[in-house]
There are 2 protein chains.
Amino acid sequence: MPGNSMKISEEPKVARARCHTNPNVSCSDCRLGALCLPIALSTEEVDQLDEIVKRGRPLQKGDHLFRESDEFHSVYAVRSGSFKAYSITDSGEVQVTGFYLPGEILGMDGISSRHHCASAVALEVSSVCEIPFERLEGLATKLPSLQHHFFRIMGKEIIKDQQMLTLLGCNSADERLSSLLLSISARNSSRHLSATKFRLAMTRSDIGNYLGITVETVSRSFGRLQKNNVLKVTNKEIEILDMDALKKAANVNQDK
Amino acid sequence: MPGNSMKISEEPKVARARCHTNPNVSCSDCRLGALCLPIALSTEEVDQLDEIVKRGRPLQKGDHLFRESDEFHSVYAVRSGSFKAYSITDSGEVQVTGFYLPGEILGMDGISSRHHCASAVALEVSSVCEIPFERLEGLATKLPSLQHHFFRIMGKEIIKDQQMLTLLGCNSADERLSSLLLSISARNSSRHLSATKFRLAMTRSDIGNYLGITVETVSRSFGRLQKNNVLKVTNKEIEILDMDALKKAANVNQDK
DNA sequence: CGCCATGTTGACTGACGTCAAGGAAAGTGG
DNA sequence: CCACTTTCCTTGACGTCAGTCAACATGGCG
């Protein structure tokens with residue numbers, strides 16, 4: 001079904017053929033292969049993985065990929081766009097638990113029980129590869145390297161959350177914001193996007209919530225970083241002017 | 001106190017035979033089976049698991065199970081006692097990332113890279129079952145239910161960390177401390193220990209660090225909870241006098 | 001017994017939250 | 001395209017919770 005009516009289809013066909021935004025591209029052809037599940041799989045293994053992956057139509061901004069308490073069936077690899085994961089506390093407040101960029105895996109919060117314990121919503125027009133978890137498990141028993149790799153992906157999620165705990169445990173508002181920017185910068189650069197200039201898809205309120213500070217504090221932090229010529233902030237567009245200063249402001253070693 | 005030999009060894013041999021503190025007891029005989037890795041495994045599967053598990057001599061208080069940047073070889077199931085996991089931030093501060101009680105799995109921070117990124121230290125005389133990870137992976141490809149179960153264990157760790165993020169993101173000092181006490185209470189009760197009376201093996205400083213507050217604040221929080229007749233605190237001995245009030249103070253639903 | 005780590009309490013302070021107001025973007029419908 | 005609404009963002013004034021510093025109490029251990 002080449003050339004159905006979506007914005008991405010405005011790109012010329014040639015350039016689009018191997019592009020990870022193309023819903024028809026297989027794992028073996030996807031540009032994100034080096035970041036995503038196929039890492040360290042052989043060609044034929046990737047083809048087997050490819051068979052269980054479902055590629056749906058793009059989600060619009062605000063569309064939910066899954067909701068808290070939905071039954072858990074699949075994990076999702078972000079193909080394009082971005083997502084935020086959040087949950088609702090018992091006292092009714094929202095808590096943002098993560099932002100997910102292309103190549104990252106979403107939905108692992110549902111693995112331990114039969115239902116999700118967070119919701120995931122698209123922050124812009126986005127698309128995902130759905131990976132039915134039971135089938136992934138089935139394939140993983142046959143492909144040890146896939147099993148190994150998925151253990152590692154889950155391990156990475158654990159480390160990421162623990163680093164976040166450290167950030168919330170000891171760091172000031174400016175340090176938290178700087179760390180987030182550095183994290184996004186590094187993740188962009190690993191997928192060959194600019195490390196110094198990018199657009200934040202999430203709102204200030206999402207950022208604040210994620211970092212455990214208020215919107216007002218986020219705004220003031222951005223102000224301070226801009227005043228010190230570390231950043232140039234134009235609405236959601238961020239330009240990192242002085243990477244070293246930003247690292248210093250973060251007071252954490254982002255290099256690992 | 002007559003004799004400074006370990007309390008455990010004072011128990012009569014008969015009672016000790018199937019006790020999880022006994023270093024010779026196999027997985028199939030361990031009382032913690034229902035909490036630990038063997039969940040949902042058949043008898044013969046447990047026996048296979050049993051073969052790869054190493055049971056070492058007990059660790060003394062302050063002994064390290066592994067250290068940050070140690071090569072990663074194994075995960076560990078706590079058999080008796082308790083551990084704290086912590087890491088050192090780039091600015092040199094300590095961050096406690098978790099406390100581990102019998103039946104819980106430790107060391108998953110090393111899965112995604114070849115080395116640990118946290119240290120684990122015994123908070124009292126403790127023992128563990130060491131589970132060499134490569135062999136676990138090997139066995140998991142043969143035993144789908146073991147693979148499935150280990151995915152779930154890792155998923156649980158992810159959820160636990162995300163709940164912690166929520167706690168640090170939105171809750172006051174009193175709420176954080178109350179939540180920790182409820183968590184320990186629930187974990188004790190799931191291993192058939194008292195849910196209302198227990199001894200905290202960690203120091204106030206560990207607690208504060210873990211909860212993102214200072215020692216002084218921990219002390220004052222304990223004070224407030226005691227003044228309101230929610231707790232009775234005698235050094236490290238905690239007695240929960242009013243469970244409902246503690247849940248209210250935690251402002252979080254601990255039930256799931 | 002005396003020492004050092006651990007825990008408690010008080011006084012003071014500051015970073016961040018709260019409340020409030022206004023402006024800028026972005027979405028909506030005609 | 002423009003009016004209109006809603007959401008998002010910024011800035012200022014003020015209050016407060018928890019951090020900091022300091023002094024002292026306690027208790028486990030050699």
Side-chain angles (χ1 to χ4, degrees), chain A residues 7 60-63 84 91 93-96 121-125 167-178 199-227 231-238 249 251, chain B residues 1-7 60-62 84 91 93-96 121 123-125 167-180 199-227 231-238 249 251:
Chain A
K7 274 186 198 147
Q60 295 303 306
K61 178 174 173 179
D63 285 355
K84 89 172 170 196
S91 34
E93 290 145 298
V94 171
Q95 175 65 41
V96 175
V121 64
L123 293 171
E124 58 199 304
V125 175
L167 194 68
L168 297 192
C170 346
N171 295 94
S172 69
D174 287 11
E175 289 166 342
R176 295 181 199 192
L177 184 60
S178 305
R199 184 170 183 286
L200 296 173
M202 65 294 277
T203 66
R204 301 288 196 264
S205 156
D206 288 335
I207 295 175
N209 189 297
Y210 179 59
L211 297 175
I213 55 186
T214 58
V215 207
E216 293 93 330
T217 303
V218 174
S219 192
R220 286 187 249 264
S221 268
F222 268 127
R224 280 188 289 267
L225 290 170
Q226 196 165 19
K227 203 188 67 193
L231 298 180
K232 181 155 176 286
V233 183
T234 318
N235 302 323
K236 306 209 166 194
E237 297 292 336
I238 303 293
N251 196 20
Chain B
M1 301 276 162
N4 60 356
S5 52
M6 290 181 302
K7 279 184 195 133
Q60 295 303 305
K61 179 176 174 176
K84 89 173 170 196
S91 34
E93 291 146 297
V94 172
Q95 174 67 41
V96 175
V121 64
L123 293 172
E124 58 199 305
V125 175
L167 194 68
L168 296 192
C170 344
N171 295 94
S172 70
D174 287 12
E175 289 167 342
R176 296 181 198 193
L177 183 60
S178 304
S179 288
L180 175 62
R199 185 172 182 284
L200 296 174
M202 66 295 277
T203 67
R204 300 287 195 263
S205 157
D206 288 335
I207 294 175
N209 189 298
Y210 178 60
L211 297 176
I213 54 185
T214 59
V215 208
E216 293 92 328
T217 303
V218 173
S219 191
R220 286 187 250 265
S221 267
F222 269 127
R224 280 188 289 266
L225 289 169
Q226 196 164 20
K227 204 190 66 192
L231 299 180
K232 181 155 175 285
V233 183
T234 318
N235 303 321
K236 306 208 167 198
E237 297 291 338
I238 303 294
N251 197 21

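Here is how names work: the chains are called A, B, and so on, in the same order as the sequence lines, proteins then strands, and each is numbered from 1.
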Worksheet, complete the sentence: Whole-Å distance, A/L177 CG to D/dC9 P, equals 13 Å
Fill in: Rounded distance in Å - CG (A/D174) to P (C/dG14)
17 Å
Discussion item. Tell me every residue that passes side chain to side chain contact (heavy atoms under 4.5 Å, CB included) with B/K236, counting only those two or more places apart in sequence or in another chain.
Written reply: B/R199, B/T203
Fill in: Heavy-atom side-chain proximity of A/R224 to A/D174 below 4.5 angstrom
yes
Protein-nucleotides 5-8 of chain C N/O pairs closer than 3.5 Å?
from, atom 1, to, atom 2, distance (Å)
C/dG7, OP1, B/R204, N, 3.4
C/dG7, OP2, B/R204, N, 2.9
C/dT8, OP2, B/R204, NE, 3.1
C/dT8, OP2, B/S219, OG, 3.1
C/dT8, O5', B/S219, OG, 3.2

Worksheet, complete the sentence: Rounded to whole Å, CD of A/E237 lies from C1' of C/dA24 at a distance of 16 Å
Practice prompt. Rounded off to whole Å, could you give me the CD-to-C1' distance for the A/Q226 and D/dT11 pair?
Written response: 14 Å
Worksheet item: Quick one: A/L200 CG to C/dA26 P, roughly how many Å, whole number?
Response: 13 Å
Item to complete: Specify the closest pair of heavy atoms between A/L211 and A/R176, including all atoms of both residues, with the distance to one decimal.
Response: O-NH1, 2.7 Å
Fill in: B/G208 to B/V218 - nearest heavy-atom pair and separation
CA-CG2, 3.4 Å
Worksheet item: Rounded to the nearest Å, what distance is computed from the NZ atom of residue A/K61 to the P atom of nucleotide C/dT28?
Response: 10 Å
Worksheet item: A/R224 has an atom CZ; how far is it from atom C1' of D/dT11, in whole Å?
Response: 13 Å
Worksheet item: Does A/T217 put a side-chain nitrogen or oxygen below 4.0 Å from OP1 or OP2 of C/dG17?
Response: yes
Worksheet entry | For B/K61 against B/L123, the heavy-atom pair lying closest together | CG-O, 3.6 Å
Item to complete: Let me know the distance between CZ of B/R199 and C1' of D/dG27, rounded to the nearest Å.
Response: 12 Å
Item to complete: Considering non-hydrogen atoms only, spot the tightest contact between A/L200 and A/F222 and give its length.
Response: CD1-CZ, 3.9 Å
Worksheet item: Can you name the residues that form a side-chain hydrogen bond (donor to acceptor under 3.5 Å, both in side chains) with A/E237, not counting sequence neighbours?
Response: none
Discussion item. I'd like to know if B/R220 reaches the base of D/dG19 with its side chain such that a donor and an acceptor end up less than 3.5 angstrom apart.
Written reply: no
Worksheet item: With a 4.0 Å cut-off on heavy atoms, is A/G212 in touch with a base, just the backbone sugar-phosphate, or nothing at all?
Response: sugar-phosphate
